[in-house]
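Each remark here refers to the structure printed beneath this line.
As a basis for the values below, the full set of heavy atoms in this structure was taken, side chains included, without hydrogen atoms, waters or symmetry mates.
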Amino acid sequence: SRAGIPPPYILVPSSIGGLTVELFTRRHPDRVAGLVFLDAAASELVVRMQPEISWMRIQAVCLLPLAARSGLLRLIDPFDLRRSGGEGAARAVARMYRVEPMNTICGMARGASRTVEEFQAAPPFPPDVPLTVLSAETNEGLLPRGVPTGFLPFVRERNEIHQAIARRSSRGRWQVVPGSSHLIGNSQPHAVAVAVLEMLKDIRGPAGRPSGSS
């Protein structure tokens, strides 16, 4: 709204941002022209993971803002973001290990049950929204070192979950991005640009007209 650009929009969520974008899309389908999910979470994942989110684990997760404030997260790099090297890795470290993202993760852990309730009460996913779901080829940057073993099956099932997301829409498609880490926008930005441009082409239809226009 600050940019003065009216909807509908193409939304490109990454990682946990997929939950926010899914809920927005289900509540406001008229404001969404298309979706490009970048190894992003969805409501299926929250439902599957909820039994693993115990009180003790919530307390542990909510120590992350303190660790970010002290600089400890940047020092130990629990998501191995520096592994790929280069400017992209440096940007990922600078963005991820701030207090604000860690506060968000803490809040989502505390509100997991409420999140499930909100998704259950939300309208269904729009069945014909243009939808591209990109999965990472590797698990790099997905979960921190020392993650409880109870969460590991969800890592292995990630592609299955992403395929299920793509099948929600009659215009959905899924693919694995070669050479990508969890943060696809950092590891393979060209693949993201291509996906967004293809989405624009799909929406505009023949001769640059919006799809479905006469």
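- Counting all heavy atoms, side chain and backbone alike, R171 lies closest to D128 at CD-O, 3.0 Å.
- G185 approaches V192 most closely through the heavy-atom pair CA-CG2, 3.9 Å.
- Cluster membership for L75 and V99, using ILVMFWY side-chain heavy atoms within less than 4.5 angstrom, is not shared.
- In the hydrophobic cluster analysis, where Ile, Leu, Val, Met, Phe, Trp and Tyr join through side-chain heavy atoms closer than 4.5 angstrom, V194 is grouped apart from I203.
- In the hydrophobic cluster analysis, where Ile, Leu, Val, Met, Phe, Trp and Tyr join through side-chain heavy atoms closer than 4.5 angstrom, Y97 is grouped apart from L66.
- Using a 4.5 Å heavy-atom cutoff, the side chains of I16 and I105 are not in contact.
- Annotation: cation-pi pair R26/F125 absent, no NZ/CZ under 6.0 Å from the ring centroid and within 45° of its normal.
- How far NE2 of H182 is from CE of M96: 7.0 Å, rounded to the nearest 0.5 Å.
- Residue L134 comes nearest to A195 through the heavy atom pair CD1-CB, 4.0 Å, listed as atom of the first residue, atom of the second, then distance.
- A donor-acceptor pair is defined here as one N or O able to donate and one able to accept, closer than 3.5 Å; no such pair exists between the side chain of D39 and the backbone of S15.
- Using a 4.5 Å heavy-atom threshold, the side chains of L73 and P78 count as touching.
- Put simply, the side chain of V21 reaches to within 4.5 Å of the side chain of F37, judged on heavy atoms.
- Closest heavy-atom contact between S43 and L19: N-CD2, 3.9 Å.
- The shortest side-chain heavy-atom distance between C106 and R110 falls under the 4.5 Å cut-off.
- Contact annotation: the side chain of L64 approaches that of V61 to within less than 4.5 Å [non-hydrogen atoms, C-beta and beyond].
- Here the CG atom belonging to L11 is positioned 6.5 Å from the CZ atom belonging to F24, to the nearest 0.5 angstrom.
- A distance of 4.0 Å separates CG in L200 from CD1 in I10, rounded to the nearest 0.5 Å.
- No donor-acceptor distance shorter than 3.5 angstrom exists from the side chain of D202 to the backbone of P130, with no hydrogens or angles considered.
- Separating the CG atom in N103 from the SG atom in C62 is a distance of 8.5 Å, to the nearest 0.5 Å.
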Criterion salt bridge (charged side-chain N to carboxylate O under 4.0 Å, His left out) on E22 and R168, from CA distance to verdict: CA-CA 11 Å; E22 178 188 341; R168 290 180 176 189; 2.9 Å; yes
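- In this structure, the side chains of N139 and R158 come closer than 4.5 Å at one or more pairs of heavy atoms.
- Side chain of S169 to main chain of L131: no donor-acceptor pair is present (N/O by atom type, distance under 3.5 Å, no hydrogens or angles).
- R173 and Q175 are linked by a side-chain donor-acceptor pair at a separation below 3.5 angstrom, with hydrogens and angles left out of the test.
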Under the criterion side chain to side chain contact (heavy atoms under 4.5 Å, CB included), I'd like the reasoning laid out for E137 against V177: C-alpha separation, chi angles, the key distance, then a yes or no. CA-CA 6 Å; E137 185 177 49; V177 179; over 6 Å; no
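- When atom types are taken as modelled, the side chain of E44 and the backbone of I161 share no donor-acceptor pair closer than 3.5 angstrom.
- Hydrophobic clustering (side-chain heavy atoms under 4.5 Å, transitive across Ile, Leu, Val, Met, Phe, Trp, Tyr) groups M199 together with L197.
- Between the OH atom in Y9 and the CZ atom in R31 there is a gap of 8.0 Å [rounded to 0.5 Å].
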Please report the C-alpha distance between R27 and E118 in whole Å, then the side-chain angles of each, then the deciding distance to 0.1 Å, and finally whether the side chain to side chain contact (heavy atoms under 4.5 Å, CB included) criterion is met. CA-CA 11 Å; R27 288 174 172 173; E118 288 190 10; 3.6 Å; yes
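- Looking at every heavy atom in both residues, I165 comes nearest to A40 through CD1-O, 4.3 Å.
- For the pair S187 and S180, the minimum side-chain heavy-atom distance is below 4.5 Å.
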Please test K201 against E198 for salt bridge (charged side-chain N to carboxylate O under 4.0 Å, His left out), starting from the C-alpha separation and ending with a verdict. CA-CA 5 Å; K201 182 179 179 180; E198 289 180 348; over 6 Å; no
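- Here the closest non-hydrogen pair linking P178 and V176 is CD-O, 3.3 Å.
- Side-chain contact between W174 and T132 is absent, with no heavy atoms from C-beta onward closer than 4.5 Å.
- In this structure, the separation between CD on Q188 and CG on L183 is 12.5 Å, given to the nearest 0.5 Å.
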